[in-house]
Amino acid sequence: MRWTVLDAALDSSGRSRGEERGPRALRAAGLLAALDADDGGAVDAGIDDATRDPATGLIGAERVRRASRAIAAGVTAVRAAGRHPLVLGGDCTILLGVFLALPPGSGLWFLDGHPDFQDGFGSATGEGADMELSILTGHGPDLFDRAAPLVAPELVRLVGHRPPRDEEARREADRVDPQIPQLPAAELRRRGAGAVGRELAAEGAGPAWLHLDVDVLDPRVLPAVTYPEPDGLDWADLLALTTPLVRSGRLLGMSVADLDADGDPDGRYARRLVEVLAAALSP
């Protein structure tokens, strides 16, 4: 498996937060050398408009569309070269561009501390990273004028999120499409991360994309995220869960989102994340 690393420094708040510098931090931590990966460079995915669009409720909606198309072009080029894309965010909004580039019928292993299933007007923030899974599955703002969702809900596996802790989170949890199987962090730990990874890898034959929002990890082991949630996974859980998915033969590529480089001034968390990614993704 040959990887090409593609930077997509998209911060959907439009305020240039630390996750915008996440790709640079992972490169500085030695990611390309650790994976013996090709360098795909960076796409123009910056969001420089913090205005909330009245039609969709989304911050910088037109800029999100443009960034998504740029990401899609980058992913398409990497796949056309016979490589596996490793897309570094930025935040989880990068997934919109990824799925614009993938063949119909592709699945999604979605590892995240939150469901990201708000709509444009239920979200308190208006950030794309509040609602990308909702948009992908046809429940959020229609940004791309498509007749079908970018990913069918039944092909998504929502893994590692935590129970809602306030009224907004409860409303979000209620919005999640019932066709999407869910495996919260507590259930994953109870069943064993490795066993869950093997089950997910074996339950279908179709191609799938692996998305990692690093806030799936507990803030005690990785505090450098924008929206930390307690009771998450540890590093060993993450490695045990992702390794069978990578080795399943189904993997189209992977995205990594939400490393807050500003919260990691000495790079220790970026280096630890590189170690785990190298262990999971290297042959």
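Each residue takes its place number in the sequence, starting with 1.
In this structure, the side chain of D119 engages the main chain of G122 through a donor-acceptor pair within 3.5 Å. A donor-acceptor pair is defined here as one N or O able to donate and one able to accept, closer than 3.5 Å; no such pair exists between the side chain of T243 and the backbone of A280. Side-chain atoms of E19 do not come within 3.5 Å of backbone N or O of V225 as any donor-acceptor pair. Of the possible donor and acceptor atoms, one in the side chain of R271 sits under 3.5 Å from a partner among the backbone N and O of D266. Here the side chain of R83 pairs no donor or acceptor atom with the backbone of A37 at under 3.5 angstrom. The backbone N or O of L143 lies less than 3.5 Å from a partner atom in the side chain of R65, making a donor-acceptor pair. Distance alone, capped at 3.5 Å, is enough to place a donor-acceptor pair between the R162 side chain and the E229 backbone. Side chain of D11 to backbone of S16: a donor-acceptor contact under 3.5 angstrom is found. A distance-only check finds no donor-acceptor pair linking the side chain of R250 to the backbone of V246 [under 3.5 Å]. With hydrogens and angles ignored, the 3.5 Å screen pairs no side-chain donor or acceptor of R220 with any backbone N or O of P230.
Atom-to-atom distance recorded for L108:CG and T137:OG1 is 9.5 Å, nearest 0.5 angstrom. Distance check, rounded to the nearest 0.5 Å: CD of E172 to CG of D166 gives 9.5 Å. Of the inter-residue distances, the one linking L212 atom CG with L273 atom CG reads 6.5 Å to the nearest 0.5 angstrom. L10 CG to E132 CD: the interatomic distance, rounded to the nearest 0.5 Å, is 10.5 Å. The distance from the OG atom of S12 to the CZ atom of R17 is 6.0 Å, given to the nearest 0.5 Å. Taking CD of E154 as the start and CD1 of I180 as the end, the distance is 9.0 Å to the nearest 0.5 Å.
Tracing side-chain contacts under 4.5 Å through hydrophobic residues (I, L, V, M, F, W, Y), one reaches V156 starting from F144; they form part of the same cluster. Side-chain heavy atoms closer than 4.5 Å link hydrophobic residues (I, L, V, M, F, W, Y) into clusters, and following such links, even through other members, never connects V214 to L95. Put simply, V196 and L251 are part of the same group of oily side chains (I, L, V, M, F, W, Y) that touch within less than 4.5 Å, one to the next. Residues L188 and L158 do not share a hydrophobic cluster, clusters being chains of Ile/Leu/Val/Met/Phe/Trp/Tyr side chains in contact below 4.5 Å. Residues W3 and L88 fall within the same hydrophobic cluster, defined by Ile, Leu, Val, Met, Phe, Trp and Tyr side chains chained together at heavy-atom separations under 4.5 Å.
The ring pair (Phe, Tyr, Trp, His ring centres under 6.0 Å) test applied to H114 returns no partner, not counting sequence neighbours.
Counting non-hydrogen atoms of neighbouring residues, nucleotides and ligands closer than 6.0 angstrom, the CZ atom of R191 exceeds 12 such neighbours. Heavy-atom contacts from other residues, nucleotides or ligands closer than 6.0 Å to CZ of R268 number 12 or fewer.
For the pair V159 and L200, the minimum side-chain heavy-atom distance is below 4.5 Å. Here the side chains of F110 and D213 are not in contact, with every heavy-atom distance at 4.5 Å or above. Taking the side chain as every heavy atom from C-beta outward, I135 and P141 approach each other to under 4.5 Å. Under the 4.5 Å side-chain criterion, counting only non-hydrogen atoms from C-beta, R21 is not in contact with D264.
For the residue pair L6 and G74, the shortest heavy atom distance occurs at CD2-C, 3.6 Å.
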Step by step, work out the salt bridge (charged side-chain N to carboxylate O under 4.0 Å, His left out) result for R165 and D231. CA-CA 12 Å; R165 299 176 186 277; D231 303 322; 3.1 Å; yes
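R198 and S248 share no donor-acceptor pair across their side chains, judged by distance under 3.5 Å alone. With 3.5 Å as the limit, one finds a donor-acceptor pair spanning the side chains of D130 and T125. At a cut-off of 3.5 Å, with distance as the only test, a side-chain donor of W209 or S255 sits close to an acceptor on the other residue. When only modelled atom types and interatomic distance are considered, T226 and D260 share no side-chain donor-acceptor pair under 3.5 Å. Q118 and E168 are linked by a side-chain donor-acceptor pair at a separation below 3.5 angstrom, with hydrogens and angles left out of the test.
For residues 24-35, the set of pairs meeting the side-chain hydrogen bond (donor to acceptor under 3.5 Å, both in side chains) definition, not counting sequence neighbours, comprises D7-R27, R27-D39.
Each of D38, L281, L32 was checked for a side-chain contact (heavy atoms from CB on, under 4.5 Å) with L86, and the lone residue meeting it is L281.
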